[in-house]
Amino acid sequence: MSHFKLNLEDIFVIDKENKKKIYDIQRCEAFILERGIAIYGHHFMMSFHQRQTFFKLIIYAIGDSVNMEKHDLDGNKGLLLMGERQSGKTAYMRLIQYFFSRRRTYDIKSSRLLAQEFSCKGYEAFTPLFAPNAKAICLDNIGTEQQAKFYGSTCDVVYNTLEHFYEQRFDLTYPRLHFTTCLSASELEKKYGTGFRQMLKEMVNVIVCEQ
């Protein structure tokens, strides 16, 4: 038996006629708050700005097309969460995972860890990410990783990952790619180049995280 007051089945009702789930946003927020406290401790809370961010993430995750249109979100694109350090970007992506369908759920992977894996394995490090049956991926804290080297090969792992998913962008069955970063748009361009920023613009919905 769950020790939580709310479980996933408590935050929506089934519209049998249209065969759709209708979510109660207040219950969704209460669900997130419970899970946040369980994971991060009793200091976890949701400010006004954080509730606004979670609302956007919830409607994106559940595919609420009406509200996504109001907030200029594209369900065929991934997410880019931008914000200062300690603004909770990774926590957002971790806590919102519960709302995604099994087909659309994702793994969270540190960009630094991916760079370290490339330094140990070379291009084999990308095999689990690029496999046809791979889950979607959230590259966490992009911009903090060093350029990776494997013997004579040098690789910008974040650019390489984005470029691969960019090539698959018209295949709507292909997993989406998500990011978090503490860098600004101009800082991302400075680190990865103009081409990266242009690809990114086509690939993601930008959500700014405020505390």
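All figures in this text were calculated on a predicted structure; none of them were measured in a lab.
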Practice problem: With rounding to the nearest 0.5 Å, note down the distance linking CG in N67 to CD in E69. | Solution: 10.0 Å
Quiz item: Applying the 4.5 Å side-chain criterion to the ILVMFWY set and letting contacts propagate, would L80 and V157 be lumped into a single cluster?
Solution: yes
Practice problem: Kindly indicate whether the side chain of R169, heavy atoms from C-beta on, has any atom under 4.5 Å from the side chain of Y174. | Solution: no
Quiz item: Does any N or O in the side chain of N141 come within less than 3.5 Å of the main-chain N or O of T144, such that one atom is a donor and the other an acceptor?
Solution: no
Exercise. Could you tell me whether the side chains of S47 and Q50 share a donor-acceptor contact shorter than 3.5 Å?
Key: yes
Quiz item: Do side-chain atoms of D74 reach the backbone of N76 as a donor and acceptor pair under 3.5 angstrom?
Solution: yes
Self-check item: Atom pair NZ (K77) and CZ (R176), whose distance is rounded to the nearest 0.5 Å
Solution: 11.0 Å
Practice problem: Compare every heavy atom of L162 with every heavy atom of F179, then report the nearest pair and how far apart it is. | Solution: CZ-CD1, 3.9 Å
Self-check item: Closest approach of A136 to R104 (non-hydrogen atoms, all atoms of both residues)
Solution: CB-O, 4.3 Å
Exercise. To the nearest 0.5 Å, tell me how far Q168 CD sits from M203 CE.
Key: 9.0 Å
Exercise. Search all heavy atoms of I96 against all heavy atoms of I32 and return the closest pair with its distance.
Key: CD1-CD1, 4.4 Å
Practice problem: Measure the CD-CD distance between Q52 and E210 for me, rounded to the nearest 0.5 Å. | Solution: 7.5 Å
Quiz item: How about F150 and K121: do any of their side-chain heavy atoms sit closer than 4.5 Å?
Solution: no
Quiz item: Which pair of heavy atoms, one from L129 and one from F165, lies closest together, and at what distance?
Solution: O-CZ, 3.9 Å
Quiz item: Quick one: do R51 and E29 make a salt bridge, cutoff under 4.0 Å?
Solution: yes
Quiz item: So, do F4 and F31 have ring centers that fall under 6.0 Å from each other?
Solution: no
Practice problem: Report the C-alpha distance between F12 and Y23 in whole Å, list the side-chain angles of each, state the deciding distance to 0.1 Å, and finish with yes or no for ring pair (Phe, Tyr, Trp, His ring centres under 6.0 Å). | Solution: CA-CA 4 Å; F12 61 82; Y23 286 81; 5.4 Å; yes
Self-check item: Single-linkage hydrophobic cluster, 4.5 Å side-chain cutoff, I62 and V66 together
Solution: no
Quiz item: Does Q147 use its side chain to pair, donor to acceptor, with the backbone of C155 at less than 3.5 Å?
Solution: no
Quiz prompt | No-hydrogen, no-angle side-chain donor-acceptor test under 3.5 Å, E202 and Y166 | solution = yes
Quiz item: Of all residues at least two apart in sequence or in a different chain, which pass the side chain to side chain donor-acceptor pair (under 3.5 Å) check with T194?
Solution: E189
Exercise. Verify ring pair (Phe, Tyr, Trp, His ring centres under 6.0 Å) between Y106 and H178, making sure each step is shown before the conclusion.
Key: CA-CA 9 Å; Y106 50 87; H178 311 298; 5.1 Å; yes
Exercise. Compare every heavy atom of E145 with every heavy atom of K191, then report the nearest pair and how far apart it is.
Key: NZ-O, 3.5 Å
Quiz prompt | Donor-acceptor under 3.5 Å (K20 side chain, I14 main chain) | solution = no
Quiz item: Is I11 close to D24 at the side-chain level, that is, under 4.5 Å between some pair of heavy atoms?
Solution: no
Quiz item: Is there a donor-acceptor pair closer than 3.5 Å between any side-chain N or O of E117 and the backbone N or O of L114?
Solution: no
Quiz item: F130 vs F126 aromatic rings, parallel, tilted or perpendicular, using cut-offs 30° and 60°?
Solution: parallel
Quiz item: Between the main-chain N or O of Y40 and the side-chain N or O of H43, is there a donor-acceptor pair closer than 3.5 Å?
Solution: yes
Quiz item: Under 3.5 Å, is there a donor-acceptor pair between the side chain of S87 and the main chain of E84?
Solution: yes
Quiz prompt | Donor-acceptor pair, side chain of N7 and main chain of D10, under 3.5 angstrom | solution = no
Quiz prompt | Stepwise ring pair (Phe, Tyr, Trp, His ring centres under 6.0 Å) test for H71 and F55 | solution = CA-CA 10 Å; H71 290 273; F55 177 75; 5.5 Å; yes
Practice problem: Specify the closest pair of heavy atoms between G36 and L95, including all atoms of both residues, with the distance to one decimal. | Solution: N-CD2, 3.7 Å
Self-check item: Distance-only side-chain donor-acceptor flag, S110 / D140, under 3.5 Å
Solution: no
Self-check item: Option passing side chain to side chain contact (heavy atoms under 4.5 Å, CB included) with C138 (candidates I108, L79, D107)
Solution: I108
Exercise. Return yes if some donor-acceptor pair links the side-chain N/O of S119 with the main-chain N/O of A115 below 3.5 Å, else return no.
Key: yes
